[in-house]
Each structure stands twice: as C-alpha cells, then as structure tokens.
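Report on the structure given below.
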Amino acid sequence: MNGKQITKLGFERKAIGLALAAATLRERAGLSRDEILDELRGVQANPDVFLGGVYDDLAADLIALRAVQEARASSDLRPAPLPYPVWGADLIDPGAHTQMDVAMRLPISRAGALMPDAHVGYGLPIGGVLATENAVIPYGVGVDIGCSMMLSVLPLRPGALKTEEAKALLMRHTRFGAGIGFEKRDREDHAVLHEDTWDALPLLGHLHDKAINQIGTSGSGNHFAEFGSFTLAAADTELGLEAGEYLALLSHSGSRGFGAQVANHFTRLAQDLHPTLDKSAQKLAWLPLDTEEGQAYWTAMNLAGRYALANHDLIHARLARALGETPLLRVSNSHNLAWKQQIDGKELIVHRKGATPAAAGQLGLIPGSMADPGFLVRGRGNPAALASASHGAGRQLGRKAAINALAKKEVQAYLDRHGITLIGGGIDEAPQAYKRIEDVIARQTDLVDVLGQFMPKVVRMDTGNEDV
DNA sequence: ATGTCC
C-alpha cells in the first residue's frame, strides 16, 4: 500500500496520512490491496458509519472537511442580487443601493425593499428591509436593537405648557448620553427588569445591572424627547380623538448600552460562524435560527426591544405625572428589529433597520428632524414593501459632512425660523443634515396614510461633539 | 448607537 494509490482515490492533505495509517493496519490484518481500497472508498462515501472503528481518525477528518466545505458553500453569495423595489429612488444615495444589492445576494435572502429615507449604514443600509429564511443578521437589525418611537397625546392645548416649563420638565425627567443613567434616587423600576428572560442566557445576566442603571433614559446621536403640538385633521374613532390641536410628547430612544452589547456580541459570533463569507458581505454575517446562537440572539434581541419600549414608557409616565395628566392616546413602534412574518405562505425573518412596521391598520410614527414635523401614520400593508415604511426623514449628510458643511449660525437660524427651543443637540443632528420629511412622506403614499402631524417646540437631545 | 476593544 502506498501514498500514490491513496492520492489516486482523491484523499487530500491530512487524510492521506490517516488513510495510509489505517490501510497499513488492515494489511497487517491480512486484507488484500483491493479489499482495502474498497473499504477506503466506503469511508469516503459514508464516513459517519466508520466512526469508532479502525478508520475512526480518517472518518472524523473527512466529516470535519465536509462541514467546512458545506459552510463555505452555504456562505457563497448569489452571482446577482434578487430584485427589490425602491421607494423614493431619487432621494437615495448610490451607496445605500450598493449595500442593499449585497444584502440581496446573500444565500439566505428571499425578499427586500428600500425605503425613501435610506442611507448608508453598517451592513444593511438604514431604511433597508430584508426578509431571510431561517436566519437572522445582527447588523440587519442594527446596533441600537429595538430603537423606537413613542407619542403621547395629552388632554391639553399646546399653549398650556410654556417654553420655560417644558425645558424644566425635560431637564428634570429625561437623561441623555452614552453611559448615562438616572441618579440612584431618581431611578425607577419597570416590569421588564423582572422578566425571567434575564436568567435565560449568561450574557443577559451579565448585562442586567447595566439595564437597571439605564432604565428610563435616552441615548446620544439622534435620540430625543420633545414637547410639541399634535394636529389631527379629522376626528378618528379608532384613535378616540376629536380633530384639533393637542399638547404632545414625542420620544426617540433605544436599548442603550445593554442592546449595544448584545448587538456587538452576536455580530462577532455571526462573523466567526462565516469565515469564508465574501468581504463585501462581512457585516451581513448571519446566525441560523435553528442553532443555539441564533435562538440566543432572538431571545436577547426581543428582550432589548421590550427594554427600549420600557425606556419610553418611563419617560412618558414621568412627564405625564409631572404635568398631572393622563394621555388621551399613546402610540409606539420599534424601527430596528426583526420579526417573524408570513410571506407568500412561508415564515420569513423580516429585518427592519430604520424602517417602520406598516401592516394594514398598524399605527406608526415617522419623525422629521428636530425642527420639522413628524407624522402619525397608519400602515397600508403593502406586500411589496413587506409591510414597511420609512422610519424618519433619513440623513442627506453624514455626521462628519454635516459638521464640516454647516455653521452654528445657520442651524440656529433654522431653529428660530421654526420656533424651536433646543436643549443640547449637535451640528451633526441639524435639520439641514436631513432630507426634507415632506419629500420622504410624499414618496410612500402607497405604504402609509398620514393621520396626524406633530410639530416640535421644545426639544432635548444629547450634547453632541459639535454643539449647536 | 455605544463609556467609542476585537
């Protein structure tokens, strides 16, 4: 028996040595060369049944090799992206299209859509909707898992709250910024902190304290809490509101450090699981849902989603309590999350990364900038958009570009023109850094109906790197 | 988005 004969059978590298070693043992046991070659062909064809015997090492090596090859093949991108519809293509930069094209080449992708506020993000573009089969992409959800909106419509006229009082309330009852939590004596409790889910994974147990410390707060970047006037053009029986103008509170917050650490942990895990994934798609690495890792992400992601809404919950409860009022209406929606959704009779995983769920009849909130109107919308359940809409106006200038291109003076002039009082806020969040919300709304009339409009008056955000 | 470390 020699290496040449074994190589001829198609064994490679390490397997050649292992096959040779096993063949030698079989020769000693008295088998002929042809009998041994037959056995080796058998191991090749079906290594699993040879585990534990004289061919154990060889069989194990072949099985490992097969797994690597299968993983590699299952990571291969399609040669061309699946087609996907785009709303407001004239508002979307080429980079977002390029990112969506890569996403639609993933072997797990089944359908997708681009919303009119789309712009470049990590992995999937912001404003991207992606339906996959039996897989979830951490960067298809985003770093701020469960990032969401909440609106409270109060039984007061907009003029009932003076600017100075609104400022004082926001200063007392909201907290903004990376790493920030309420001071211990002002910290509140919430049912989400008492869920059994925190014990389901070591990672969640580890992050529980951070979640407790940061409950009821808002983050940095585009997160905000603002008082303004909500205008309902026509009485709406479902909303239970008469037409008119109301004082309202609108907030944008997420899952804070807790969600960010969940996102980073599973993004790393997903990338480790797909070492041969094409570099262009590296940030779109996924977790199969039928694996322990995939299930763990699903559990953690949904907890982060509930935690983010709990933050809004406390923000709105504190401010309503301080005003001594009970809201007439409260609406909320997550816009960074993945959902199980039936599509053409099949259960798919629909990722919305900066996209508002817009199933038929579903209420949603699409904010503009700090100085522009936001909209209460009702979804139309458009199947081509996978029942989605934009999550806001969307950036037209990146953060750095905004800081370079805009002067404090012109931002302040914009705020003055719109009668906005701003606490905190950075140049990178200037209204001029965003697309015109009116244009974005006009591009999605087949995705949502506009029910009401919210105009901000007193806005609180984190103090950015470049203050306004 | 995040005490900016995978």
Side-chain angles (χ1 to χ4, degrees), chain A residues 99 117-128 137-150 174-183 203-204 206-225 251-275 277 279 282-285 293 297 300-301 303-305 307-312 315 334-338 351-355 367 370 391-392 394-395 397-400 402-403 424-426 428-429 433-434 460-466:
Chain A
Q99 287 191 314
D117 59 340
H119 57 95
V120 173
Y122 286 116
L124 195 67
I126 318 295
I137 305 170
Y139 262 137
V141 168
V143 178
D144 190 2
I145 300 174
C147 186
S148 40
M149 300 297 307
M150 188 176 278
T174 68
R175 293 292 180 274
F176 282 82
I180 288 293
F182 266 100
E183 308 72 37
L203 175 72
L204 296 178
H206 174 69
L207 294 172
H208 196 188
D209 277 347
K210 184 186 271 290
I212 291 168
N213 293 340
Q214 295 193 311
I215 193 91
T217 64
S218 313
S220 58
N222 56 9
H223 286 180
F224 62 77
S251 59
H252 183 206
S253 186
S255 54
R256 314 291 288 104
F258 158 49
Q261 291 211 22
V262 169
N264 289 331
H265 173 83
F266 285 99
T267 292
R268 260 199 311 279
L269 213 61
Q271 292 186 5
D272 289 348
L273 225 59
H274 296 278
L277 185 58
K279 210 174 171 212
Q282 213 164 37
K283 286 196 162 64
L284 290 167
E293 294 89 344
Y297 177 75
M301 176 198 79
L303 181 60
Y307 177 77
L309 287 174
N311 287 327
H312 288 279
I315 293 165
S334 307
H335 52 223
N336 281 13
L337 212 65
H351 303 71
R352 293 190 183 84
K353 185 187 191 184
M370 57 165 76
H391 84 308
R395 287 192 163 276
L397 291 177
R399 293 188 181 279
K400 279 182 190 170
I403 290 167
D428 48 354
E429 285 300 325
Y434 284 86
R460 185 175 185 190
M461 301 184 84
D462 182 35
T463 304
N465 292 328
E466 303 281 338

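Here is the naming used below: chain letters follow the sequence lines, and residue numbers restart at 1 for every chain.
When rounded to the nearest whole Å, the span between CG of A:L207 and C1' of B:dG3 equals 14 Å. Look at NZ on A:K210: it is 7 Å from C1' on B:dG3, rounded to the nearest Å. A:F176 places its CZ atom 11 Å from the P atom of B:dT2, with the value rounded to the nearest Å. As rounded to whole Å, 12 Å separates atom C1' of B:dT2 from atom CD1 of A:I145. Distance, A:N264 CG to B:dG3 C1': 13 Å, rounded to whole Å. A:R175 places its CZ atom 18 Å from the C1' atom of B:dG3, with the value rounded to the nearest Å. When the P atom of B:dC5 is taken as reference, atom NE2 of A:H265 falls 18 Å away, rounded to whole Å. Whole-Å rounding puts the A:F266 CZ to B:dC6 P distance at 14 Å.
Aromatic rings of A:H252 and A:H335 (six-membered ring for Trp) have centroids within the 6.0 Å cut-off, being under it.
Ranked by how close their nearest DNA chain B nucleotide is to the 5' end, A:E429 and A:Q271 are led by A:E429.
No donor-acceptor distance shorter than 3.5 angstrom exists from the side chain of A:H119 to the backbone of A:I126, with no hydrogens or angles considered.
Atom CZ of A:F182 has more than 12 heavy atoms from other residues, nucleotides or ligands within 6.0 Å.
Residue A:K353 is out of contact with every strand shown, counting any heavy-atom pair closer than 4.0 Å. When heavy atoms are screened at a 4.0 angstrom cut-off, A:G254 is found touching no nucleic acid atom at all.
Contact of the A:R175 side chain with the A:Q214 side chain is not registered, since no non-hydrogen atoms from C-beta on lie closer than 4.5 Å.
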